[in-house]
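To start, the structure under review is shown below, and the notes come after it.
Throughout, numbering of the chain's residues begins at 1 and tracks the sequence. Here the structure is a predicted model, which is why all the values come from computation and not from measurement.
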Amino acid sequence: MGKRIFLFILTNILVITTIGIVLSVISATTGVGSYIGAGGRLNILYLLVFSAVVGFVGSFMSLAMSRWMAKMMMGVRVLNPEKDSLTYDEQQLVDRVHRLSRAAGLSKMPEVGIYQSSEVNAFATGPSKRRSLVAVSTGLLHEMDDAAVEGVIAHEVAHVANGDMVTMTLLQGIVNTFVVFLSRIAAWIASRFVSREELVPIVHFIAVIVFQIIFSILGSLVVFAYSRHREFHADRGGADLAGKDKMIHALRSLEAYTSRIKDDDQTAVATLKISGKRKASLFSTHPDLNERIRRLEAK
């Protein structure tokens with residue numbers, strides 16, 4: 001899931017920044033849609049509505065693009081048994097994802113993909129349960145045994161079944177609203193310190209972009225915190241689908257794998273967590289592995 005959240009947030013920042021720049025240019029050149037009234041006063045109510053529209057449009061655009069962005073940025077090759085000639089291992093992967101998806105109650109099977117990477121990684125993404133993608137790295141298939149792979153895939157299928165991308169999008173929309181709102185208030189304040197009248201629009205325009213990027217990064221901490229919370233739910237869902245023993249085995253396999261790798265080589269150990277570090281931080285999308293194992297054992 002770490003890849004999924006990273007790609008979603010990156011896409012979201014790019015989208016709302018682009019929307020913000022376009023709308024700022026339109027407002028500056030035509031005066032239409034300006035939230036700064038006569039005398040340089042802010043129209044707070046208008047700005048709040050404007051922020052909500054931009055924030056949620058940006059968030060849902062990111063959701064709509066999530067599957068396409070994942071395929072493009074990760075080089076995912078979709079496995080289609082009806083059109084392609086698959087190897088035995090590839091067919092087994094497709095069958096496993098579909099079997100677990102049916103067990104999770106999904107009426108439309110996710111696309112199944114694989115991409116070339118030595119990292120141990122798997123992620124699920126997509127705008128809805130009916131248009132989802134479950135992708136795994138070649139490193140995952142090489143490093144983990146069948147039971148661990150089953151636990152990993154069950155975890156990702158649980159994310160799809162739980163509708164985590166949609167709830168993440170709603171949360172991101174709220175975060176975006178505050179990002180757009182606060183960045184423009186901060187930019188307005190910054191522009192008030194400019195003495196030369198002709199420079200005020202330029203300073204305001206640049207400040208909006210800078211503050212929006214800064215607040216977007218800070219806002220991502222909220223999304224990361226929610227992501228860590230949802231990982232526990234996906235662990236429980238994966239345990240229900242594949243069995244608790246396989247889910248715990250998958251987490252222990254990851255723990256063993258990270259222990260074998262030197263710190264200098266831990267660039268992208270991301271199966272069920274975003275980095276090779278075992279302890280979670282504010283910028284982690286996944287909680288501590290030992291805590292996840294402990295909670296599953298107590299389930």
Side-chain angles (χ1 to χ4, degrees), residues 1-8 66-81 84-104 106 108-126 129 131-162 164-165 227 230-231 234-235 237-239 241-243 246-258 261 266-276 285-286 289 292:
M1 186 178 175
K3 288 288 184 186
R4 175 173 68 89
I5 300 303
F6 171 76
L7 292 173
F8 178 73
S66 60
R67 190 170 60 165
W68 174 78
M69 285 291 291
K71 292 177 184 177
M72 182 184 69
M73 296 182 69
M74 301 302 299
V76 175
R77 178 170 62 89
V78 176
L79 306 178
N80 189 337
D84 305 323
S85 177
L86 304 183
T87 66
Y88 175 79
D89 290 339
E90 291 172 345
Q91 185 62 55
Q92 287 290 101
L93 176 62
V94 173
D95 292 343
R96 180 173 279 147
V97 172
H98 288 182
R99 173 171 53 80
L100 291 170
S101 297
R102 285 190 291 269
L106 297 178
K108 177 76 172 178
M109 295 298 100
E111 286 186 328
V112 182
I114 189 170
Y115 63 96
Q116 293 291 327
S117 176
S118 60
E119 69 176 11
V120 176
N121 191 21
F123 64 90
T125 190
K129 294 181 183 181
R131 298 180 60 211
S132 59
L133 165 72
V134 174
V136 303
S137 68
T138 52
L140 169 69
L141 300 178
H142 292 156
E143 290 290 339
M144 289 192 167
D145 58 31
D146 284 346
V149 170
E150 178 120 354
V152 169
I153 294 175
H155 174 96
E156 300 304 333
V157 169
H159 277 306
V160 177
N162 292 341
D164 283 344
M165 281 300 287
S227 173
R230 293 306 300 173
E231 286 305 301
D235 284 345
L241 294 174
K246 287 184 179 179
M247 190 68 242
I248 292 176
H249 176 60
L251 294 174
R252 290 198 183 280
S253 296
L254 177 61
E255 177 78 9
Y257 179 71
T258 57
I261 300 178
Q266 290 182 352
T267 56
V269 182
T271 305
L272 312 177
K273 82 197 291 282
I274 195 167
S275 71
T285 61
H286 292 62
L289 275 171
R292 293 169 67 183

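- In this structure, CH2 on W68 lies 13.0 Å from CZ on R131, to the nearest 0.5 angstrom.
- For R102, the salt bridge (charged side-chain N to carboxylate O under 4.0 Å, His left out) test picks out no residue, with sequence neighbours left out.
- Among L100, V97, L106, the single residue meeting the side-chain contact (heavy atoms from CB on, under 4.5 Å) criterion with V160 is L106.
- Put simply, the side chain of L289 does not reach to within 4.5 Å of the side chain of R252, judged on heavy atoms.
- Within the 4.5 Å cutoff, the side chain of V136 has heavy atoms near those of the L141 side chain.
- Closest heavy-atom contact between Y115 and G75: CB-O, 3.6 Å.
- A donor-acceptor pair under 3.5 Å is absent between the side-chain atoms of S253 and the main chain of A148, judged by distance alone.
- L140 places none of its side-chain heavy atoms less than 4.5 Å from the side chain of E119.
- Nearest approach of P81 to Q91, heavy atoms of both residues: CB-OE1, 3.7 Å.
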Practice task
Determine, step by step, whether R77 and E90 satisfy the salt bridge (Lys or Arg N to Asp or Glu O under 4.0 Å) criterion, reporting the C-alpha distance in whole Å, the side-chain angles of both residues, the deciding distance to 0.1 Å, and the verdict.
Solution key: CA-CA 11 Å; R77 178 170 62 89; E90 291 172 345; 2.4 Å; yes
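- Salt-bridge check for E111 with R67: passed, with a basic side-chain N closer than 4.0 Å to an acidic carboxylate O.
- With rounding to the nearest 0.5 angstrom, the NE2 atom of H159 is 12.5 Å from the OG atom of S132.
- Looking at L93 and Y88, their side chains never come closer than 4.5 Å, going by heavy atoms from C-beta outward.
- Between H286 and R230 the shortest side-chain heavy-atom distance does not fall below 4.5 Å.
- Side-chain atoms of K129 come within 3.5 Å of backbone N or O of A161 as a donor-acceptor pair.
- For T138 (side chain) and S117 (main-chain N/O), a donor-acceptor pair under 3.5 Å exists by modelled atom type.
- Using a distance-only test at 3.5 Å, with no hydrogens or angles considered, no donor-acceptor pair links the side chain of H155 to the main chain of G151.
- Among pairs with a residue in residues 132-146, those fulfilling salt bridge (Lys or Arg N to Asp or Glu O under 4.0 Å) read E143-R260, at least two apart in sequence or across chains.
- The shortest non-hydrogen separation linking V134 to P110 is CG2-CB, 4.1 Å.
- Other residues, nucleotides and ligands place no more than 12 heavy atoms under 6.0 Å from the CD atom of Q116.
- Here the closest non-hydrogen pair linking A70 and T125 is CB-CG2, 3.8 Å.
- Shown here for L241 and A158, the closest heavy-atom pair between the two residues is CD1-N, 4.3 Å.
- Looking at heavy atoms from C-beta onward, L79 lies in side-chain contact with I114 at the 4.5 angstrom threshold.
- Nearest heavy-atom pair across A242 and A154 is CB-CB, 3.6 Å.
- In this structure a side-chain-to-backbone donor-acceptor pair under 3.5 Å is missing from E156 to I153.
- Within the 4.5 Å cutoff, the side chain of M74 has no heavy atoms near those of the M69 side chain.
- With salt bridges taken as basic N to acidic carboxylate O contacts below 4.0 Å, one links E150 and R99.
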